[in-house]
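Since the structure comes first, as structure tokens, the remarks are kept for the end.
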Amino acid sequence: MAASHLTALVSLLPPCLLALLLLRLATVLDPDPDAAAPRVKAAAPLPLRFRHDGAFKILQVADMHFGNGAATRCRDVAPDGGGARCSDLNTTRFLRRVIEAERPDLITFTGDNIFGGSATDAAESLLRAISPAMEYKVPWAAILGNHDQESTMTREELMTFMSLMDYSVSQVNPPGFLVHGFGNYHIGVHGPFGSELVNTSLLNLYFLDSGDREVVNGVKTYGWIKESQLAWLRSTSLELQKTLLAPALAFFHIPIPEVRGLWYSGFKGQYQEGVACSSVNSGVLGTLVSMGDVKAVLLGHDHLNDFCGNLNGIWFCYGGGFGYHGYGRSHWPRRARVIYSELKKGQRSWMEVESIQTWKLLDDEKLSKIDEQVLWRRSTDDSDHDILSRPGA
């Protein structure tokens with residue numbers, strides 16, 4: 001009997017030794033004992049709120065076109081601007097500079113965040129591209145452009161991945177609605193702590209997926225916002241306005257056809273390339289006008305355009321090319337746009353939004369600020385063109 005027990009014990013030694021060996025090997029290969037442990041997302045404080053000084057600042061980052069980091073070369077950069085030494089790291093450096101200078105309350109990445117044709121691993125490229133926002137613990141929201149999905153992840157996978165990243169307030173799609181695309185969602189910005197409107201959204205942000213490429217009657221064209229998305233937008237706006245007639249901003253990547261007409265009707269900024277939009281006009285402008293709350297639309301896609309122009313009382317503003325791996329123009333600095341909203345001060349508390357302003361920052365030695373402009377002011381009409389000095393942050 002004892003001999004049989006001994007035989008059984010000896011038979012257990014090889015698998016036990018193998019398990020110990022594998023455990024030791026795993027420790028050597030990955031010395032972090034928590035490496036395999038589930039990791040919880042670092043969440044942004046929600047809901048988003050105006051600051052105690054009654055301000056809320058959004059940094060728009062358009063067209064980063066991030067590739068593989070230091071191995072990815074820049075495009076259209078003069079030799080005196082870095083030349084062969086320039087890479088995706090210049091994009092990262094610019095984003096860090098702007099975050100430190102402006103201290104935004106929210107960063108919006110408005111599409112073509114990565115350049116799929118250059119990114120060998122979409123997830124890794126996204127993590128590197130967005131990393132400054134996560135390092136500085138700034139809430140951020142993203143939508144897709146027409147190049148993001150050209151690497152190793154689909155559009156749905158990309159939006160899901162971004163929604164799970166640290167400090168992201170991005171959403172894949174609105175709950176309870178069947179809409180086209182991925183990245184259609186709403187974010188409300190509530191009143192400051194201690195104000196009478198602490199539980200009310202004073203500024204509404206709409207994010208829309210404008211698609212990538214499609215074929216219409218055998219001809220290739222860019223994507224467009226579909227009717228299911230517009231139906232969700234109208235419904236959401238109507239529901240929000242039952243509580244408060246708050247101003248709103250919309251963010252999508254590909255411009256609508258009407259933006260082309262701003263060449264003839266006036267604009268502020270640089271209009272340096274043709275507007276690359278869809279051949280299909282799906283009625284986005286008419287929907288936004290009928291809603292009544294959207295005061296400005298923030299666009300990407302055309303890197304050499306950074307202008308704002310007014311269409312039927314709504315400002316359409318380009319962010320301008322941000323990333324160094326995206327096409328640009330030699331001696332024309334990469335740039336970012338800031339949207340700054342201020343509340344009206346009441347006798348006892350902060351009240352509703354009083355004004356929405358914008359300016360751009362250039363990636364030059366001084367981080368120059370240009371084209372300051374009022375987009376909307378409650379005390380005047382929506383077509384205010386005033387130029388402002390920089391408000392206090």
Side-chain angles (χ1 to χ4, degrees), residues 30 32 34-35 38-46 48 57-75 82 85-145 147-153 155 157-172 183 207 251 253 300 319-326 334-338 361 363 367:
D30 192 346
D32 182 2
D34 298 322
R39 185 181 179 282
V40 179
K41 167 185 172 179
L46 291 174
L48 298 179
K57 186 182 289 185
I58 300 171
L59 169 64
Q60 182 196 3
V61 176
D63 298 273
M64 281 195 293
H65 277 246
F66 205 90
N68 297 310
T72 301
R73 300 294 93 191
C74 298
R75 295 182 60 184
R85 299 186 305 276
C86 183
S87 71
D88 278 337
L89 301 185
N90 291 61
T91 302
T92 301
R93 174 178 174 271
F94 181 28
L95 184 51
R96 286 196 177 108
R97 290 184 73 199
V98 176
I99 292 174
E100 290 179 0
E102 292 291 337
R103 298 294 175 182
D105 301 292
L106 175 70
I107 302 174
T108 58
F109 296 96
T110 53
D112 284 358
N113 311 299
I114 62 174
F115 188 46
S118 298
T120 56
D121 186 312
E124 181 65 25
S125 181
L126 268 176
L127 285 169
R128 292 185 181 186
I130 307 294
S131 62
M134 296 187 287
E135 290 168 12
Y136 287 91
K137 301 181 179 180
V138 182
W140 58 276
I143 50 177
L144 299 173
H147 287 297
D148 295 278
Q149 78 289 337
E150 294 173 346
S151 180
T152 58
M153 298 173 75
R155 296 177 74 83
E157 290 169 341
L158 287 163
M159 279 309 306
T160 301
F161 184 69
M162 288 192 290
S163 72
L164 297 174
M165 291 168 65
D166 287 349
Y167 303 103
S168 171
V169 295
S170 311
Q171 300 172 35
V172 179
F207 296 85
F251 299 83
H253 183 72
F322 188 97
Y324 278 84
H325 186 49
R334 266 56 174 185
R335 57 206 58 214
R337 180 174 291 280
V338 175
L361 295 175
D363 191 18
L367 208 64

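It should be emphasised that the depicted structure is a prediction, and the values quoted were computed from it without experimental measurement.
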Determine whether [X] and [Y] make a side-chain contact, defined as any pair of heavy atoms from C-beta on separated by less than 4.5 Å.
X: His253; Y: Leu144; value: no
X: Ile107; Y: Ile130; value: no
X: Leu48; Y: Asp105; value: no

Got a sec, which residues hit side-chain contact (heavy atoms from CB on, under 4.5 Å) with [X], two or more places apart in sequence or on another chain?
X: Thr92; result: Phe66, Arg96, Pro132
X: Leu89; result: Ala70, Ser87
X: Ala122; result: Ile114, Ser151, Thr152, Met153, Leu158
X: Thr108; result: Ile58, Gln60, Leu106, Thr110, Phe207, Phe251

In Å, rounded to the nearest 0.5 Å, how long is the span from [atom1] of [X] to [atom2] of [Y]?
X: Ser170; Y: Phe161; atom1: OG; atom2: CZ; value: 12.0 Å
X: Thr160; Y: Met165; atom1: OG1; atom2: CE; value: 12.5 Å
X: Lys137; Y: Tyr167; atom1: NZ; atom2: OH; value: 4.5 Å
X: Leu361; Y: Arg97; atom1: CG; atom2: CZ; value: 9.5 Å

For the student: nearest non-hydrogen atoms of [X] and [Y], plus distance:
X: Ile143; Y: Met159; value: CA-SD, 4.5 Å
X: Arg155; Y: Gly145; value: NH1-O, 2.7 Å
X: Ala101; Y: Leu367; value: CB-CD2, 3.5 Å
X: Pro104; Y: Ile99; value: CD-O, 3.7 Å
X: Pro139; Y: Val169; value: CB-CG1, 4.5 Å
X: Gly319; Y: Ala62; value: CA-CB, 4.1 Å

Of all pairs that satisfy salt bridge (Lys or Arg N to Asp or Glu O under 4.0 Å), the ones with a partner from residues 160-170, not counting sequence neighbours
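Residue pairs passing salt bridge (Lys or Arg N to Asp or Glu O under 4.0 Å), neighbours aside: Arg39-Asp166.
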Residues in salt bridge (charged side-chain N to carboxylate O under 4.0 Å, His left out) contact with [X], at least two apart in sequence or another chain:
X: Arg128; answer: Glu124
X: Glu157; answer: none
X: Arg73; answer: none
X: Arg93; answer: none

Residues which pass side-chain hydrogen bond (donor to acceptor under 3.5 Å, both in side chains) with Thr91, listed by chain and number, not counting sequence neighbours
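With sequence neighbours excluded, Thr91 shows a side-chain hydrogen bond (donor to acceptor under 3.5 Å, both in side chains) to no residue whatsoever.
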What residues form a side-chain hydrogen bond (donor to acceptor under 3.5 Å, both in side chains) with Gln171, not counting sequence neighbours?
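So Gln171 forms no side-chain hydrogen bond (donor to acceptor under 3.5 Å, both in side chains) with any residue.
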Is the side chain of [X] donor-acceptor paired with the backbone N or O of [Y] at a distance under 3.5 Å, no angle test?
X: Asp88; Y: Asn68; value: yes
X: Asp63; Y: Phe322; value: no
X: Arg334; Y: Gly323; value: yes

Is the number of heavy atoms from other residues, nucleotides or ligands within 6.0 Å of NZ (Lys41) greater than 12?
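Result for NZ/Lys41: enclosed.
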If you look only at pairs with a residue in residues 104-130, which of them pass as a ring pair (Phe, Tyr, Trp, His ring centres under 6.0 Å), with sequence neighbours excluded?
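Pairs touching residues 104-130 that pass the test: His65-Phe115, Phe109-Trp140, Phe115-His147, Phe115-His325.
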